[in-house]
Amino acid sequence: CALPICFPVTIADMAINFVPLNANRHRHLKLIQPQGYRYAREFGQSDLLLAEFGRASAHYPIVFASHTSGTVRPIALLSRDGESNAFISSEGRWLSSYVPMVIRLHPFAIARVPEREAPVVCVDMNSELLSYDSGAPLFDINGDRAPVLDQTLEQLNEVDQMLRVTQDFCQLLQELGLLVPLTPQVS
């Protein structure tokens, strides 16, 4: 995401192309309802929110990754190699009882821009879940939000609130010196 603070910040080193969602530019964009989680097969890690720690920690290792801004963020490790998601079956079924929010909300993300009070909704234009040909429209013929986008915006607003709590928590951990740099070693 080219914007300063975005959830998710990254998903591995995939070719993600988050852009701000715009009613004029994306008027004909449609969301394909996925059958399973094949779209997440290359997600070797996933950002987490503090509210997810309880459930996620029962299924995934959680680490705190450094960001170039000097902040840290919690990450669920979904892969040994960082490239292929070990929690996706060959049929696209999720193999754990908890799916991280980032993956459930894909291809959408929320961003904070310093000069704007309201968060910016972003969409991954490289996602196989978006199409101009088939799926549920994000906007109606007048350019107003369609129901699928309204539902997504509700979830993203909740994520925005939880993201602030998560960032505060991570900042506190840093201030208290409770995070120790480690180099991951996979054997």
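Every heavy atom of this structure was used, including side-chain atoms; hydrogens, water molecules and symmetry mates were not.
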Are the side chain of [X] and the backbone of [Y] linked by a donor-acceptor contact shorter than 3.5 Å?
X	Y	answer
T152	V148	yes
T166	L50	yes
S127	D124	no

(request) Identify, with sequence neighbours excluded, every residue that meets side chain to side chain donor-acceptor pair (under 3.5 Å) alongside R38. (result) none

(request) Show your reasoning for whether side chain to side chain contact (heavy atoms under 4.5 Å, CB included) applies to V19 and H26. (result) CA-CA 10 Å; V19 299; H26 301 118; 4.0 Å; yes

What I'd like to find out is whether the side chain of [X] reaches to under 4.5 Å of the side chain of [Y], using heavy atoms alone.
X	Y	value
R73	Q167	no
E52	L49	yes
E42	S84	no
R104	Q155	no
P74	D47	no
L138	K30	no

(request) Would you check, one step at a time, whether the test side chain to side chain contact (heavy atoms under 4.5 Å, CB included) holds for I103 with L78? (result) CA-CA 11 Å; I103 293 172; L78 305 175; 3.6 Å; yes

In the single-linkage hydrophobic clustering (I, L, V, M, F, W, Y; side-chain heavy atoms under 4.5 Å), do [X] and [Y] co-cluster?
X	Y	result
V99	L31	yes
L153	V102	yes
L178	I62	yes
L149	L105	yes
L48	L95	no

(message) For R27, give me all partners under salt bridge (Lys or Arg N to Asp or Glu O under 4.0 Å), at least two apart in sequence or on another chain.
(response) none

(request) With sequence neighbours excluded, tell me which residues meet salt bridge (Lys or Arg N to Asp or Glu O under 4.0 Å) with R93. (result) none

(message) For G70 versus Q174, what's the shortest heavy-atom pair and its separation?
(response) O-NE2, 3.0 Å

(request) Work out which heavy atom in A146 is nearest to a heavy atom in P137; give both atom names and the distance. (result) CB-O, 3.1 Å

(request) Evaluate the criterion side chain to side chain contact (heavy atoms under 4.5 Å, CB included) for residue pair D144 and F139; output intermediate values, then yes/no. (result) CA-CA 5 Å; D144 296 323; F139 299 97; over 6 Å; no

(request) For residues H106 and Y39, establish whether the separation of their ring centroids is below 6.0 Å. (result) yes

Kindly compute the distance separating [atom1] ([X]) from [atom2] ([Y]), expressed to the nearest 0.5 Å.
X	Y	atom1	atom2	value
S96	I88	OG	CD1	10.5 Å
E91	Q35	CD	CD	14.0 Å
C170	L179	SG	CG	7.5 Å

(message) Going by side chain to side chain contact (heavy atoms under 4.5 Å, CB included), name the residues that satisfy it together with R55, two or more places apart in sequence or in a different chain.
(response) Y98

(message) Under 3.5 Å, is there a donor on one side chain and an acceptor on the other for Q171 and E175?
(response) yes

Enumerate, atom names and distances included, each donor-acceptor pair closer than 3.5 Å involving a side-chain atom of residues 128-135, sequence neighbours excluded.
unit_1: E128; atom_1: OE1; unit_2: R41; atom_2: NH2; d: 3.4
unit_1: S131; atom_1: OG; unit_2: D133; atom_2: N; d: 2.8
unit_1: S131; atom_1: OG; unit_2: S134; atom_2: N; d: 3.1

(request) Write out all pairs satisfying ring pair (Phe, Tyr, Trp, His ring centres under 6.0 Å) with one or both partners inside residues 71-94, taking only residues at least two apart or from two chains. (result) Y37-W94, Y60-F87

(message) Could you go through F108 and L156, starting from their C-alpha distance and side-chain angles, then the distance that decides it, and tell me whether this counts as side chain to side chain contact (heavy atoms under 4.5 Å, CB included)?
(response) CA-CA 8 Å; F108 297 96; L156 288 172; 4.0 Å; yes

(message) Between R164 and D160 (salt bridge meaning N to carboxylate O under 4.0 Å), is one present in this structure?
(response) yes

(request) Would you indicate whether L172, at its atom CG, is surrounded by more than 12 heavy atoms from other residues, nucleotides or ligands within a distance under 6.0 Å? (result) yes

